[in-house]
Amino acid sequence: MDNTVVKVENLVKNYKELRAVDHLNLEIREGEIFGLLGPNGCGKTTTISCILSLLSFDEGRIEVFGKEMTPVSYDLKSMIGIVPQNMAVFDELSVYENVDCFCGMYIADKAARQQYVDEALEFVGLNDFRKFRPKKLSGGLARRLNIACGIAHKPKLIIFDEPTVAVDPQSRNKILEGIIDELKRTIKNTETIFIEMEEPGSDLTGKMKALPNVSEVNWKAGNLIIACAGGRHNLIDIMEILQAEKVEFGRVWSELPTLNDVFLTITGKELRD
């Protein structure tokens, strides 16, 4: 049984002489978390707008839940939740009233809608701000409201367009806690171990590189830097080699990849226009 939720075939979108999307193909299946990564202006938001049929496009075909997506595909749009990059709420309504309003576009039953709104506010951590107007909220809290409005009706497909832009670190963490992040698993380096020590010889680095989960070994500015790909006991294996070789070393620490590492690994580290 085909469980494809979004299918894009040879999507082309031009803005006069500028080609914003150039024959894009992608498939997103049920249960997947799919991220569009790229520098500013590369066509991410344009692609999302085309998928939602908010923009016309020049070539290609887009299907959502097995049906062609068109501007009047209201049955499909009712199954989609959208959290746009810019705030999209009503300033004259309270936090609760905003979420209730957006949820009410899809959920007619009043009792069910109240339950859905309560669950959405609980999910984003806005229970204590139910009576606040959006202008009274901080940037991070306002972004959480944006998310609650997009997900309250329990859509089968949720689209986030940079939901953590311009929010404080605490709010960003709260948002990301609710969005299961599997992007880190897509890059080769899943853990980096740092060891303070004198520059090692080739024998030691060779033994480190021979470990099954070690992808790269470098020495820089007094630290041996070991990049690992997978594995649960990388640090233990490395420490055993250091002890067997009777190597003197100082501080040892491990770092996991950040979303910035994922972005730079996939898109490249060179600055682009």
Side-chain angles (χ1 to χ4, degrees), residues 4-29 32-91 102 105 139-140 142-143 145-147 149-151 155-167 172 175-176 179 181-188 257-273:
T4 301
V5 175
V6 177
K7 186 174 184 178
V8 177
E9 296 180 320
N10 294 314
L11 179 63
V12 175
K13 172 62 180 177
N14 297 314
Y15 292 102
K16 296 184 178 179
E17 293 80 17
L18 174 65
R19 174 153 292 185
V21 182
D22 189 6
H23 292 91
L24 174 67
N25 292 277
L26 65 85
E27 285 192 19
I28 305 172
R29 300 186 180 276
E32 285 186 338
I33 297 173
F34 189 95
L36 291 174
L37 295 180
N40 293 339
C42 73
K44 301 186 296 296
T45 298
T46 296
T47 297
I48 291 173
S49 297
C50 290
I51 291 174
L52 295 172
S53 202
L54 300 176
L55 273 180
S56 61
F57 47 90
D58 299 283
E59 297 179 34
R61 179 182 174 85
I62 296 174
E63 292 183 359
V64 178
F65 298 112
K67 298 180 180 179
E68 183 177 7
M69 188 63 159
T70 71
V72 294
S73 298
Y74 301 119
D75 58 331
L76 300 179
K77 293 185 178 184
S78 68
M79 295 188 284
I80 302 173
I82 307 165
V83 180
Q85 181 175 347
N86 298 317
M87 291 300 300
V89 296
F90 298 104
D91 290 334
F102 282 95
M105 296 178 183
R143 185 64 66 178
L145 173 58
N146 219 29
I147 293 174
C149 290
I151 67 171
K156 293 184 178 180
L157 169 65
I158 304 176
I159 297 177
F160 295 91
D161 190 357
E162 301 195 31
T164 63
V165 168
V167 299
R172 183 179 299 112
I175 292 170
L176 292 177
I179 305 171
D181 185 5
E182 294 186 352
L183 287 173
K184 294 178 183 178
R185 301 181 185 179
T186 66
I187 65 174
K188 187 177 182 181
T258 65
L259 288 179
N260 285 341
D261 296 327
V262 176
F263 179 87
L264 291 174
T265 299
I266 295 176
T267 66
K269 298 184 179 180
E270 294 185 3
L271 181 64
R272 305 180 186 181
D273 295 333

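By the side-chain contact (heavy atoms from CB on, under 4.5 Å) test, I28 is found to be paired with V6, L26, E32, F34, residues two or more places apart in sequence or in another chain being considered. Remark: Y15 engages no residue in a ring-ring contact (aromatic ring centres under 6.0 Å, His included) (not counting sequence neighbours). For D58, the side-chain contact (heavy atoms from CB on, under 4.5 Å) partners two or more places apart in sequence, or in a different chain, are V12, K13, N14. The side-chain contact (heavy atoms from CB on, under 4.5 Å) check on K7 picks up T4, E9, E27, E63, with sequence neighbours excluded. Remark: S53 engages no residue in a side chain to side chain donor-acceptor pair (under 3.5 Å) (not counting sequence neighbours).
Of the possible donor and acceptor atoms, none in the side chain of N146 sits under 3.5 Å from a partner among the backbone N and O of V89. Between the side chain of N25 and the main chain of N10, a donor-acceptor pair closer than 3.5 Å is present.
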Show every donor-acceptor pair shorter than 3.5 Å between a side-chain atom in residues 76-83 and any protein atom, with sequence neighbours excluded, or say none if there are none.
unit_1: K77; atom_1: NZ; unit_2: P71; atom_2: O; d: 3.1
unit_1: S78; atom_1: OG; unit_2: D75; atom_2: O; d: 2.7

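Put simply, the side chain of F160 reaches to within 4.5 Å of the side chain of I147, judged on heavy atoms. Using a 4.5 Å cut-off on side-chain heavy atoms (C-beta onward), C50 and V21 make no contact. Under the 4.5 Å side-chain criterion, counting only non-hydrogen atoms from C-beta, T47 is not in contact with V8.
Note that CD1 of I151 is 5.5 Å distant from CD1 of I158, once rounded to the nearest 0.5 Å. Atom SG in C149 sits 9.0 Å away from atom CE in M105 (nearest 0.5 Å). In this structure, the separation between CD1 on I62 and CG on L11 is 5.0 Å, given to the nearest 0.5 Å. We find the CG-CG distance between L24 and L36 to be 7.5 Å, quoted to the nearest 0.5 Å.
With hydrogens and angles left out, the side-chain atoms of S73 and T70 include a donor and acceptor closer than 3.5 Å.
When every heavy atom of R143 is checked against every heavy atom of E162, the shortest pair comes out as NH1-O, 4.2 Å.
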